[in-house]
2 protein chains.
Amino acid sequence: MNQKDQVCQYKLMASRDALEVIQGKWRIPIIIALTHGTKRFGEIQRDISDISPKMLSQELKALEMNKIVKRTLHDTMPVTTEYSLTPLGESMTNLLNEILNWGIHFREEVLKRDN
Amino acid sequence: MNQKDQVCQYKLMASRDALEVIQGKWRIPIIIALTHGTKRFGEIQRDISDISPKMLSQELKALEMNKIVKRTLHDTMPVTTEYSLTPLGESMTNLLNEILNWGIHFREEVLKRDN
DNA sequence: GTAACTACTTACCCAGAGGTAACTACTATA
DNA sequence: TATAGTAGTTACCTCTGGGTAAGTAGTTAC
C-alpha cells in the first residue's frame, strides 16, 4: 500500500466516524434547529414540521448519548425540558455551514439544468 | 413567523437538499475515494474493502444521476470503465473536508472521555 | 368537568437500505 | 483446459429506519 492509499484509508475511517453520528433523516435538521438557541421539545417539533414526536424523542436521545445535545429539566410548574448543543455539538458549526452552502449550490445547479 | 424562524426554515430546506444526495452508508466514502483521482470499479472496491459490488454499482448509478460522478467507457481490450468526479462533485471538497475534520475531532473527544 | 397544552412513550406496520451468493460475459495467462 | 481478472447483474433475504395512531401523566384555563 503506497502513501496515497494510506491517506485515502485514513480519510475513509474519519468519514465513517462522522457519518455514524450524522446519519439519518433527522439528526442534521435537529442540530440545525438547535444552533438557533436552546429550544423545548415542542419548539423543535414546530420548526421541523414533519417530524413525529417518536422520531424526535428517539433522535434526541441518540444525540444526547453522543454528547452532541444536552437535555435540561427545569423544575417549573409544569415541568419543562430544554435542549441545547454541547461544546461538541457547537463544534459542528463549520460542518453544518458547508452542508448548507453545498445544498444551496446543488439546488442552483439542478435548477440551471432543468430550465 | 419572525425573521429568525424564516432563516431557520431556509437552512432546514437547504440541508434537506444536501442530505438527499449524501444520505446512506456508501456515498460519502465513494466520493472521498474519487477525490484521489479517476478510478476503476475494482479500484474503488479495493479502497472501500467492505462494499459489495451490488452496492457500489447501485450507488455509483445514483451519484451519476445526480451529476456528482462521471462514468467513462474506454474502448480498450478488455473494456475498462473509469469513474471520476464532475465539477459538481468536486464542489463538495469543502464539505468533505469538514466531515473529515469533524470525524477526527469527534474521535478524539470520544477517546478523551473513555480514558 | 372538560378541553387543551406540556412532553413524551408504546404498539404496530411497512418500504427500502443493505447483505450474501451466485451468475454473466469477455480476455489474458499458465 | 482451467484459473484469474475485467465489470458488473440478479435473486433472495433480513433488518431497521421511519411512519401512524393512540395512550400516559401532569397542569392550566374555561
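To find a chain, count down the sequence lines: A is the first, B the second, and so on, and within it residues start at 1. If you're wondering where the values come from, they're calculated on a predicted model, not measured in any experiment.
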Rounded to whole angstrom units, what separation is found between the [atom1] atom of [X] and the [atom2] atom of [N]?
| X | N | atom1 | atom2 | result |
| --- | --- | --- | --- | --- |
| Glu82(B) | dT6(D) | CD | P | 13 Å |
| Glu59(B) | dA7(D) | CD | P | 19 Å |
| Lys25(B) | dT16(D) | NZ | P | 11 Å |
| Glu20(B) | dG16(C) | CD | P | 14 Å |
| Ile22(A) | dG17(D) | CD1 | P | 16 Å |
| Leu19(B) | dA17(C) | CG | P | 15 Å |
| Phe41(B) | dA25(C) | CZ | P | 18 Å |
| Glu64(B) | dA7(D) | CD | P | 15 Å |

(message) So, does Thr81(B) get its side chain near the phosphate of dG8(D), meaning an N or O under 4.0 Å from OP1 or OP2?
(response) yes
Heavy-atom distance under 4.5 Å between the side chains of [X] and [Y], does that happen here?
| X | Y | value |
| --- | --- | --- |
| Ile32(B) | Leu100(B) | yes |
| Thr93(A) | Thr35(A) | no |
| Val21(B) | Leu19(B) | no |
| Ile51(A) | Trp26(A) | yes |
| Glu108(A) | Ile104(A) | yes |

(message) Between Leu60(B) and Gln23(B), which residue's closest nucleotide on DNA chain D lies nearer the 5′ terminus?
(response) Leu60(B)
(request) Represent DNA chain D in dot-bracket notation, 5' to 3'. Only Watson-Crick or G-U wobble pairs with both distances under 3.5 Å count; pseudoknot-style crossings use [ ] and interstrand partners use |. (result) ||||||||||||||||||||||||||||||
Answer yes or no: is there an ion pair linking [X] with [Y], defined by an N-O contact shorter than 4.0 Å?
| X | Y | result |
| --- | --- | --- |
| Glu109(A) | Lys112(A) | yes |
| Glu82(B) | Arg40(B) | no |
| Lys11(A) | Asp47(B) | no |

(request) Name the nucleic acid region contacted by Arg27(B), choosing base, sugar-phosphate or nothing; use a 4.0 angstrom heavy-atom cut-off, strictly under. (result) nothing
(request) Ignoring the backbone of Trp26(B), work out which of dT6(D), dG18(C), dC8(C) is nearest its side chain. (result) dG18(C)
(request) Compare the minimum distances between each of dA7(D), dG19(D), dT9(C) and the side chain of Arg71(B), then state the nucleotide with the smallest one. (result) dA7(D)
(request) Return the residues of residues 43-58 of chain B meeting this criterion: a heavy atom under 4.0 Å from some atom of DNA chain C. Order them by number, or give none. (result) Ser52(B), Lys54(B), Met55(B)
(message) Does Lys39(A), at its NZ atom, have more than 12 non-hydrogen atoms belonging to other residues, nucleotides or ligands within less than 6.0 Å?
(response) yes
